[in-house]
Amino acid sequence: MDISQPIVQTYDKSFGLSKDKPLVISLGGSLVIPNSGMDTKFLAQFNNFIRQKIAQGWRFFIVVGGGATARHYIEEAQKIAGHITDWDLDFLGIHATRLNAHLMRTIFQDVAHPRIIANYEKKITQLKQPLVIAAGWKPGFSTDYDAVILARDYGAQAVINMSNITQVFEKDPKKFPDARPLHNLTWEEFEKIVGNKWSPGSNLPFDPVATKLAKELKISVYVVGSDLNNLENVIAGKIFLGTVISPS
Ligand code: UTP
């Protein structure tokens with residue numbers, strides 16, 4: 001199979017999204033802060049996209065990752081200090097997510113709830129705004145897990161995972177160039193691909209701790225990459241490039 005060609009897949013109505021319930025977007029920090037610095041072009045397009053969708057009646061929770069800031073802090077701190085506990089490494093990442101979340105809240109200040117969710121035990125009641133921004137919470141997992149918590153606590157219909165990973169592959173495509181992309185799979189199948197071990201700063205399609213919870217809660221996750229036209233297709237129920245991970 002030629003994996004350089006985009007693989008498209010249509011889904012039946014069971015994967016259709018509706019405006020009745022909010023959508024959680026797990027926005028990979030690498031899209032906001034790639035290695036080259038802040039991606040203002042992407043942020044400007046994302047800003048327009050979300051505002052357009054809000055105007056059409058959609059509601060969102062957006063939890064943003066730490067991007068290159070998190071990774072640089074985690075890697076460089078280890079080089080300088082030698083051994084650092086996972087707890088400290090995770091907290092370096094969490095602070096990066098908080099900085100990025102504040103950036104997002106600033107961009108969306110006129111439409112977003114004024115409080116950034118950083119303590120997930122303090123739930124927002126009587127939400128009036130169409131958008132809430134969230135950051136990392138505590139050590140032991142990534143913002144993917146936080147996205148699943150948001151979906152559970154605010155009755156979201158699905159989690160959309162945007163990052164530099166466009167699709168789930170049957171095995172790591174960096175190690176195995178012949179790996180085939182998957183269009184849809186169950187949480188049990190996905191667990192076999194990502195394993196069950198957390199390590200700070202890891203770059204997986206969806207983190208193992210979040211996977212366990214999403215499986216328990218029977219939440220569907222759309223892994224869709226970074227392209228906003230593709231995201232438009234996901235939301236509109238059209239053909240898109242990506243992978244749906246769903247309950248069995
Ligand atoms: P993410 O891994 O979620 O951000 O958080 P990212 O790397 O930008 O996301 P992707 O890979 O592009 O999608 C950065 C780091 O912050 C810590 C973890 O170490 C994580 O790898 N973190 C984040 C936590 O410890 N707890 C959280 O709730 C969130």
Side-chain angles (χ1 to χ4, degrees), residues 24-39 42-43 46 61-78 81 83-104 116-123 132-153 159-169 172-174 190 193-214 221-228 230-231 242-243 245:
V24 176
I25 298 182
S26 175
L27 180 63
S30 51
L31 303 184
V32 177
I33 315 280
N35 275 327
S36 49
M38 193 185 293
D39 191 341
F42 173 81
L43 281 169
F46 188 74
F61 285 76
I62 299 173
V63 56
V64 60
T69 313
R71 238 151 242 127
H72 287 159
Y73 271 73
I74 288 172
E75 283 165 18
E76 301 308 314
Q78 282 172 309
H83 178 72
I84 299 181
T85 64
D86 277 4
W87 190 90
D88 266 329
L89 293 178
D90 276 339
F91 256 112
L92 289 173
I94 290 169
H95 286 300
T97 70
R98 289 178 179 166
L99 180 60
N100 287 342
H102 208 113
L103 172 68
M104 300 303 287
I116 293 169
I117 300 181
N119 175 356
Y120 286 66
E121 274 154 17
K122 270 175 74 182
K123 285 219 288 181
V132 183
I133 305 295
W137 180 19
K138 54 187 183 184
F141 38 78
S142 78
T143 47
D144 293 339
Y145 181 84
D146 304 322
V148 177
I149 297 277
L150 290 173
R152 179 195 70 189
D153 289 354
V159 171
I160 297 180
N161 192 53
M162 294 188 74
S163 75
N164 49 19
I165 296 175
T166 314
Q167 287 171 292
V168 175
F169 285 73
D172 187 349
K174 284 182 208 128
F190 185 70
I193 297 172
V194 287
N196 55 14
K197 207 180 154 294
W198 169 249
S199 79
S202 61
N203 188 234
L204 294 164
F206 209 68
D207 98 47
V209 188
T211 295
K212 193 165 175 285
L213 186 65
V221 171
Y222 292 65
V223 175
V224 300
S226 60
D227 186 88
L228 292 169
N230 196 41
L231 179 60
T243 304
I245 316 168

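Ligands are counted one by one from 1 in listed order, and the atoms in each one are counted from 1 as well.
- Ring geometry for W137 against F141 counts as tilted: the plane angle lies between 30° and 60°, on a 0 to 90° scale.
- In summary, the atoms of ligand 1 found under 4.0 Å from a heavy atom of S30, numbered by their order in the structure, are 8 (O), 12 (O).
- With D207 contributing its side chain and S142 its backbone, the two residues share a donor-acceptor pair below 3.5 Å.
- At least one heavy atom of W198 sits closer than 4.0 Å to an atom of ligand 1.
- Within the listing of ligand 1, atoms 10 (P), 12 (O), 13 (O) sit less than 4.0 angstrom from a heavy atom of G28.
- For the pair M104 and V64, the tightest heavy-atom approach, listed with the atom from each and the gap, is CG-CG1, 4.1 Å.
- Judged purely by atom type and a 3.5 angstrom limit, T143 has no side-chain atom pairing as donor or acceptor with the backbone of D146.
- Each of the atoms 27 (C), 28 (O), 29 (C) of ligand 1 lies under 4.0 Å from some heavy atom of G136.
- M162 does not count as a contact of ligand 1, since none of its heavy atoms falls under 4.0 Å from the ligand.
- Close approach of ligand 1 to R71 is summarised as follows: ligand atoms under 4.0 Å from at least one heavy atom of the residue are 7 (O), 11 (O).
- Not a single donor-acceptor pair under 3.5 Å links the side chain of N161 to the backbone N or O of V221.
- Against a heavy-atom cut-off of under 4.0 Å, P139 is close to the following atoms of ligand 1: 25 (O).
- Closest to atom 11 (O) of ligand 1 among all protein heavy atoms lies N203 ND2, 3.1 Å.
- With hydrogens left out, the protein atom closest to atom 4 (O) of ligand 1 is G66 N, 3.0 Å, a heavy atom.
- Every atom of ligand 1 is numbered from 1 in the order shown, and the set under 4.0 Å from a heavy atom of G67 is 6 (P), 8 (O).
- Within the 4.0 Å heavy-atom criterion, both parts of F141, backbone and side chain, lie near ligand 1.
- For the residue pair W198 and D86, no side-chain donor N or O sits within less than 3.5 Å of a side-chain acceptor on the partner.
- Between G93 and A70, the closest heavy-atom pair is CA-CB, 3.9 Å.
- Some N or O of K138 is nearer than 3.5 Å to an N or O of ligand 1, by distance alone.
- Close approach of ligand 1 to D146 (heavy-atom distance below 4.0 Å) involves ligand atoms 27 (C), 28 (O), 29 (C).
- Nearest to atom 1 (P) of ligand 1 by heavy atom, out of D90, T143, D86, V64, is T143.
- Numbered from 1 in the order shown, with element, the atoms of ligand 1 that lie under 4.0 Å from a heavy atom of G29 read 6 (P), 8 (O), 9 (O), 12 (O).
- Between K212 and N196, every side-chain heavy-atom pair lies at or beyond the 4.5 Å cut-off.
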